[in-house]
A.B. asks: 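Right, I'll just put the structure down here and ask away after.
Residue numbers start at 1 and run along the sequence shown. All heavy atoms count here, side chains included; hydrogens, waters and symmetry mates do not.
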Amino acid sequence: LFSDGMSITTHDDTANFRNAIERISSGDNTLPSDMDDVVRESLGLLQQLEAPKVHGQPLPAEPMVAYLEKLATMLASHAENNPKAAAALPGVQAAIHTLKLHPPIVTDEFVQTNLWNGFPQGTRLRCWMHASGYKPVDSGWLATQTVRGQQGKHITQIRTDVPRTFPTHSLFAKSGKGQTMLENVLAAYADHDPQVGYAQGMNFIAALLLISVEEQETKQVPEKAYGMFCHLMEDSRYNLRELFLPELPGHKKLIDELATYINEYLPDLDNHLQATMSGFTHMMYAAEWYSTLFSYRLPLSVVSRIVDAYIVKGSLVLHSVSLALLFRAQKFVLPEREGVEASQGSFESTLRYLKSFPDPEIYAEDPLMRQAMHFYECLA
């Protein structure tokens with residue numbers, strides 16, 4: 001199929017790819033007649049491939065990969081009895097491998113399609129940038145802020161908390177580059193925003209951003225993570241800054257809103273929690289959910305999908321995920337009903353359950369995100 005030496009190595013080579021397919025469809029090739037189905041399919045799929053092409057821009061990788069995978073299947077079905085098909089198959093498989101290294105073009109449609117399912121590998125940072133509009137900061141400016149922050153009053157607490165942040169993650173191994181980057185980001189922000197300075201919880205959010213950026217980038221990792229961190233702290237769609245101000249105004253606002261939603265959508269759970277202890281407040285278990293974007297309790301794979309939706313849709317996603325977690329935890333914490341075993345006990349045991357989620361079923365990724373999407377649609 002690529003016998004003339006043509007190959008797809010980047011998005012810019014899509015013209016070569018198109019020319020190769022056109023030669024198949026025009027008959028100017030050496031493929032035998034028993035591959036007529038392949039030729040017809042090539043024509044139809046080429047039209048699909050060209051549909052998203054605008055003003056000569058490169059075609060997105062995803063439909064190209066989908067086409068090539070289908071074509072590879074067809075070639076493989078002929079390969080045993082047709083040497084020409086067998087010879088063509090490795091070239092198609094190589095093209096599939098190469099194209100998968102190049103992420104698809106990020107558009108509004110792409111972001112909206114994937115936000116609840118998690119952005120595909122290699123696209124997360126670009127989707128975040130597309131959805132939020134944030135930009136990385138200048139390296140020199142960050143370095144200056146970091147030096148000033150490291151001389152400030154918060155640096156002792158920052159250096160205490162950094163080794164405690166995702167200590168089992170490879171990026172934050174003892175004395176690793178992740179710890180240095182995390183300290184720099186937190187110190188720089190403490191200098192940038194002296195009213196907030198530094199508070200516990202910020203370390204988990206900053207570390208989560210560093211992990212996501214470092215997985216996809218080799219340059220300007222702390223600059224890009226710091227830019228995103230400032231954006232989440234200060235943009236009105238997220239306004240995480242209020243969670244860390246003195247007197248915690250953001251926490252009080254979010255917890256009051258959550259209490260209203262729980263009363264409306266999960267009344268049985270609300271009644272149970274209120275009845276177990278006088279003076280109960282949802283702040284007792286949910287404060288750390290919000291102040292760490294759930295990263296203190298949930299696996300990073302789950303948190304990454306939560307953050308994807310959060311960056312696109314804003315702070316209402318935090319309430320949606322909280323309701324989804326509580327909905328899924330009900331059968332474990334409500335008094336036994338309809339033969340379902342529940343974790344009955346004191347208020348303390350119920351609170352411990354909500355703070356630790358010992359049953360992985362509660363935070364299973366796909367069911368949790370489907371439930372969160374449902375609650376988001378209700379709240380929105």
Side-chain angles (χ1 to χ4, degrees), residues 52 60-66 69 96 99-134 166 168-171 204-217 221 224-225 227-229 231-232 235 237-238 240 289-290 292-329 357 359-380:
E62 274 195 337
M64 294 176 72
V65 169
E69 286 178 336
I96 292 170
L99 274 172
K100 284 185 174 180
L101 300 179
H102 297 276
I105 296 171
V106 171
T107 62
D108 288 342
E109 181 181 5
F110 180 86
V111 169
Q112 294 298 326
T113 299
N114 290 282
L115 73 95
W116 292 106
N117 298 318
F119 296 130
Q121 184 177 4
T123 70
R124 174 161 283 124
L125 182 61
R126 291 186 301 127
C127 288
W128 288 1
M129 294 177 71
H130 183 90
S132 68
Y134 99 98
F166 301 134
T168 61
H169 193 281
S170 59
L171 182 61
F204 283 95
I205 297 172
L208 176 64
L209 299 177
L210 282 167
I211 290 170
S212 297
V213 174
E214 200 269 342
E215 286 175 348
Q216 302 165 68
E217 301 288 332
V221 172
K224 291 173 180 176
M228 191 72 222
F229 184 74
H231 196 72
L232 294 181
D235 188 280
R237 287 173 293 174
Y238 319 111
L240 284 176
W289 294 0
Y290 292 105
T292 68
L293 299 183
F294 301 93
S295 63
Y296 188 65
R297 293 297 177 191
L298 301 184
L300 284 175
S301 59
V302 180
V303 176
S304 294
R305 292 181 59 173
I306 293 172
V307 174
D308 287 346
Y310 171 65
I311 287 176
V312 178
K313 293 296 188 180
S315 58
L316 198 59
V317 167
L318 302 184
H319 290 322
S320 304
V321 173
S322 295
L323 290 172
L325 286 168
L326 292 169
F327 176 83
R328 297 177 61 75
F357 290 135
D359 294 283
E361 175 187 340
I362 295 174
Y363 51 81
E365 289 183 38
D366 290 337
L368 175 66
M369 296 310 294
R370 284 195 297 269
Q371 194 68 51
M373 180 176 67
H374 167 75
F375 278 119
Y376 179 86
E377 291 170 349
C378 292
L379 300 181

A.B. asks: Please round to the nearest 0.5 Å and tell me the distance separating atom OG of Ser295 and atom CD1 of Ile205.
C.D. replies: 7.0 Å
A.B. asks: Counting neighbours of OH on Tyr296 that are heavy atoms of other residues, nucleotides or ligands and sit closer than 6.0 Å, is the number greater than 12?
C.D. replies: no
A.B. asks: Is the ring pair Phe204/Phe166 parallel, tilted or perpendicular, if the boundaries are 30 and 60 degrees?
C.D. replies: perpendicular
A.B. asks: Determine whether a donor-acceptor pair (N or O, by modelled atom type, separation under 3.5 Å) exists between the side chain of Arg328 and the backbone of Glu361.
C.D. replies: yes
A.B. asks: Any sub-3.5 Å donor-acceptor pair from Arg237's side-chain atoms to Ser132's backbone N or O?
C.D. replies: yes
A.B. asks: Kindly indicate, with the supporting measurements, whether the criterion side chain to side chain donor-acceptor pair (under 3.5 Å) is fulfilled by Ser322 and Tyr290.
C.D. replies: CA-CA 9 Å; Ser322 295; Tyr290 292 105; 3.2 Å; yes
A.B. asks: When you measure from the side chain of Tyr238 to the backbone N and O of Ile311, does any donor-acceptor pair fall under 3.5 Å?
C.D. replies: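 Checked: pair present.
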A.B. asks: Tell me, do Glu365 and Pro299 make a side-chain contact under 4.5 Å, heavy atoms counted?
C.D. replies: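 With C-beta onward as the side chain, the pair stays apart.
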A.B. asks: In terms of heavy-atom contacts, does OH of Tyr134 have more than 12 from other residues, nucleotides or ligands at under 6.0 Å?
C.D. replies: yes
A.B. asks: Could you check whether any side-chain heavy atom of Arg305 comes within less than 4.5 Å of a side-chain heavy atom of Asp366, counting everything from C-beta outward?
C.D. replies: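 A side-chain contact exists here, since the closest heavy-atom pair is under 4.5 Å.
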A.B. asks: Check each of Val302, Val307, Leu318 against Phe294 using the side-chain contact (heavy atoms from CB on, under 4.5 Å) test, and report the only one that passes.
C.D. replies: Leu318
A.B. asks: Is there a side-chain contact between Tyr310 and Leu232 in this structure, where contact means two heavy atoms from C-beta onward sitting under 4.5 Å apart?
C.D. replies: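 Yes - at least one pair of side-chain heavy atoms lies under 4.5 Å apart.
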A.B. asks: To the closest 0.5 Å, what do you measure between CG (Leu316) and NE2 (His319)?
C.D. replies: 6.5 Å
A.B. asks: Would you please test Ile306 and Met369 for side-chain contact (heavy atoms from CB on, under 4.5 Å) and show each step?
C.D. replies: CA-CA 8 Å; Ile306 293 172; Met369 296 310 294; 4.0 Å; yes
A.B. asks: Quickly, which of Arg124, Lys224, Met228 forms a side-chain contact (heavy atoms from CB on, under 4.5 Å) with Val213? Name it, please.
C.D. replies: Lys224
A.B. asks: When you compare the side chain of Val312 with that of Gln112, does any pair of heavy atoms fall below 4.5 Å?
C.D. replies: yes
A.B. asks: I need the minimum non-hydrogen distance between Val317 and Ala309, along with the two atoms involved.
C.D. replies: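 Scanning both residues, the minimum pair turns out to be CG2-O, 3.5 Å.
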A.B. asks: How far apart are the closest heavy atoms of Leu210 and Ala225, and which atoms are they?
C.D. replies: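 It is CD2-CB, 3.5 Å.
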A.B. asks: Tell me if a side-chain donor or acceptor on Asp235 pairs with a main-chain N or O of His231 at a distance below 3.5 Å.
C.D. replies: no
A.B. asks: Is a donor on one side and an acceptor on the other found under 3.5 Å between the side chain of His130 and the backbone of Val111?
C.D. replies: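 Flag not set: sc His130 to bb Val111 has no pair under 3.5 Å.
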A.B. asks: CG/Leu208 to OG/Ser304 distance, rounded to the nearest 0.5 angstrom?
C.D. replies: 5.5 Å
A.B. asks: Roughly how far, to the nearest 0.5 Å, is the OG atom of Ser320 from the CH2 atom of Trp116?
C.D. replies: 5.0 Å
A.B. asks: Please round to the nearest 0.5 Å and tell me the distance separating atom CG of Leu379 and atom NZ of Lys313.
C.D. replies: 13.0 Å
A.B. asks: Just verifying a value: how many Å separate Cys127 SG and Asp308 CG, rounded to the nearest 0.5 Å?
C.D. replies: 7.5 Å
